[in-house]
There are 2 protein chains.
Amino acid sequence: MAEVDDIDHHVLRLLREDGRRTFSEMAELVGLSVAAVKRRVDRLRELGVITGFSVQIDYSKLGWGIEAFTELRYPGTTPVAEIVRTATEVPEVQAVFTIAGDPDALIHVRVRDLGHLQQVIDRLRRAGNVTGTKTLLVLGSWTRDGMSPHAR
Amino acid sequence: MAEVDDIDHHVLRLLREDGRRTFSEMAELVGLSVAAVKRRVDRLRELGVITGFSVQIDYSKLGWGIEAFTELRYPGTTPVAEIVRTATEVPEVQAVFTIAGDPDALIHVRVRDLGHLQQVIDRLRRAGNVTGTKTLLVLGSWTRDGMSPHAR
DNA sequence: TTTGAAACCTATGAGCA
DNA sequence: TGCTCATAGGTTTCAAA
C-alpha cells in the first residue's frame, strides 16, 4: 500500500470538495508551498491513488431523470469478465458491480424515462445469458461527494 | 429543463474525461474562443447542470479495499427524509439511494475490512428503526467515468 | 453570444537548503 | 522532502461587434 500521510489526505479531501482548486489555494490551506503541493498531487497520481479528475453533473437537468439498479443473476458457469463486458457495452450503464453471492451483479443505469428503462433492462437480459433480473427504481439519491444529486 | 446545445454537451464530455482540462484546450477542441468556453461552463454551473468538480480516487490504494451495498427495509411509517438523514451520518456511507418498492433504500459503503463492514452494518441497523438488511459484498467494480476503479 | 486583448494568477521546472 | 525564483501558460474581465 502506498505511503500517504496526513497532508496527502488533506489534499485529497480538498480535491474531493473541489477538483479544480488551484495549487496555490491548497498550499495555503495545507500550510505548504505551491510547488510542494503540486509535487504531492503528481506523486498521488503516479501511485495510482488519484486516477483522474471529473465534473459532477446533475443528469436530471439534462433530461436523464431516471436512475435504477438492476440485479442480475447468471448461470454458475458464467465468467465474471463476461458479465462486466456485456454490461459495459450498454451505454446507459453507469457502473457495474460484481457481487459475492446472490445476485451476481448489480448494475447502475441512468435513463430518460421508464420506457427507456424497459429497453435497457431488455438489452441487459439479452446481452449475456442472464437467468433473472430484479430492478430497483431510484426515487432519490444522495452521495457524499455530491455526485448525482438526483431528486434532492 | 435547461437549454443545453451540442457544444455544451461536447464541453461536458471533455470535462467528464478530465475535470481539470484548461479552457484553452477545450476551446481548441470545441472550436470556440477561450472566453466563450468559459462563459458556457459558468452558465452550466449557474443552471445547476454542473454541480461541481471532483477527484477520482482509488480507495483500495488507501486501505479502504472493501465496498458493499446494503439493502435496508423500514416499517411503512418511516419518512424518506429520516432514512437519508440517519444513513448519511455514518461516515463510511458513500451514497444513499431511496427505492420504490422493496427494499426501501440501497446504501453504498466503503470500509477497510470485513470487521469494519460488520460495524457499519450494525450502526446502520441501530440508526433508524430498520426491520431488515441484506448486504451485497462487491468483488469488483467498473464505472463509466473511471470513478472507484476497485479490483480491476 | 462571440471575439481579442490586457491584467492578473497559476503552473511548472530548475536550483538549492 | 522542502523552499524560492523565473517564465511560460492559463484565467478572467471588458469593450466591441
Side-chain angles (χ1 to χ4, degrees), chain A residues 1-64 145-149, chain B residues 1-65 112 145-149:
Chain A
M1 192 173 78
E3 288 160 39
V4 178
D5 67 16
D6 288 351
I7 294 180
D8 290 325
H9 274 106
H10 193 172
V11 169
L12 287 171
R13 196 168 42 104
L14 294 172
L15 285 173
R16 240 182 336 182
E17 287 167 11
D18 180 0
R20 278 187 88 101
R21 245 189 247 274
T22 61
F23 290 120
S24 31
E25 189 186 348
M26 290 190 281
E28 239 189 312
L29 291 167
V30 149
L32 287 180
S33 71
V34 173
V37 173
K38 181 193 181 323
R39 209 201 283 191
R40 279 167 183 269
V41 171
D42 288 345
R43 184 171 148 276
L44 288 169
R45 294 190 83 141
E46 273 163 32
L47 287 171
V49 172
I50 291 176
T51 60
F53 293 88
S54 193
V55 63
Q56 300 162 257
I57 295 171
D58 184 345
Y59 288 94
S60 67
K61 291 243 167 69
L62 294 174
W64 290 65
D145 290 341
M147 303 292 282
S148 67
Chain B
M1 192 173 79
E3 289 159 39
V4 179
D5 67 15
D6 288 351
I7 294 179
D8 290 325
H9 275 106
H10 194 172
V11 169
L12 287 172
R13 208 188 60 228
L14 293 172
L15 284 174
R16 238 182 339 182
E17 288 166 12
D18 179 1
R20 280 188 86 104
R21 246 188 245 275
T22 62
F23 290 118
S24 28
E25 189 187 349
M26 291 189 281
E28 242 189 309
L29 291 167
V30 148
L32 285 180
S33 70
V34 172
V37 172
K38 182 193 182 321
R39 215 177 79 79
R40 279 167 182 268
V41 172
D42 288 345
R43 184 172 148 275
L44 288 168
R45 294 189 84 141
E46 273 162 32
L47 286 170
V49 171
I50 291 177
T51 60
F53 293 89
S54 193
V55 63
Q56 299 162 272
I57 294 171
D58 183 346
Y59 287 95
S60 67
K61 292 242 167 71
L62 293 174
W64 291 65
R112 298 184 173 282
D145 291 341
M147 302 293 280
S148 65

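Note that the coordinates shown come from a computational prediction; the quantities given were computed from them, not determined experimentally. Residue numbers begin at 1 in each chain, while the letters A, B, ... track the order of the sequences.
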Output every pair passing side-chain hydrogen bond (donor to acceptor under 3.5 Å, both in side chains) with a member in residues 25-38 of chain B, not counting sequence neighbours, ordered by first then second residue. B:Arg21-B:Glu25, B:Lys38-B:Asp42
Taking any atom closer than 4.0 angstrom to a non-hydrogen atom of chain B, what span of DNA chain C does the protein reach, first nucleotide to last? C:dT1 to C:dA11
For a 4.5 angstrom cut-off between non-hydrogen side-chain atoms, does B:Val34 reach B:Thr22? no
Using side-chain contact (heavy atoms from CB on, under 4.5 Å) as the criterion, list what pairs up with B:Arg39, not counting sequence neighbours. none
For A:Arg40, what residues pass the salt bridge (Lys or Arg N to Asp or Glu O under 4.0 Å) criterion, not counting sequence neighbours? A:Asp5, A:Asp8
Could you give all pairs that pass the salt bridge (Lys or Arg N to Asp or Glu O under 4.0 Å) test and reach residues 44-54 of chain B, with sequence neighbours left out? none
Could you tell me whether the side chain of A:Leu44 reaches within less than 4.5 Å of the side chain of B:Val55, counting heavy atoms only? no
Closest-nucleotide ordering on DNA chain C, the 5'-leading residue of B:Ala36 and A:Arg39: B:Ala36
Given axes from five pairs at either end, by how many degrees does the helix from C:dT1-D:dA17 to C:dA17-D:dT1 bend, rounded to 10°? 30°
Approximate separation, where rounding is to 0.5 Å, of B:Arg43 CZ and B:Ile50 CD1: 10.5 Å
Sequence neighbours left out, what passes side-chain contact (heavy atoms from CB on, under 4.5 Å) with B:Asp6? Give chain and number order. none
Quick check for you: to the nearest 0.5 Å, what is the distance between A:Leu12 atom CG and B:Ile57 atom CD1? 4.5 Å
Residues within residues 10-18 of chain A bordering DNA chain C, heavy-atom distance below 4.0 Å: none
Test of understanding: with side-chain contact (heavy atoms from CB on, under 4.5 Å), list the residues that count as partners of B:Arg20, not counting sequence neighbours. A:Leu15, A:Phe23, A:Phe53, B:Asp18
Is the closest side-chain heavy-atom distance between B:Leu47 and A:Asp58 below 4.5 Å? no
For a 4.5 angstrom cut-off between non-hydrogen side-chain atoms, does A:Val4 reach B:Lys61? no
For nucleotides 8-17 of chain D, list the nitrogen or oxygen atoms of the protein found under 3.5 Å from its nitrogen or oxygen atoms, one pair per line.
residue	atom	partner	partner atom	Å
D:dT11	OP2	B:Phe23	N	2.7

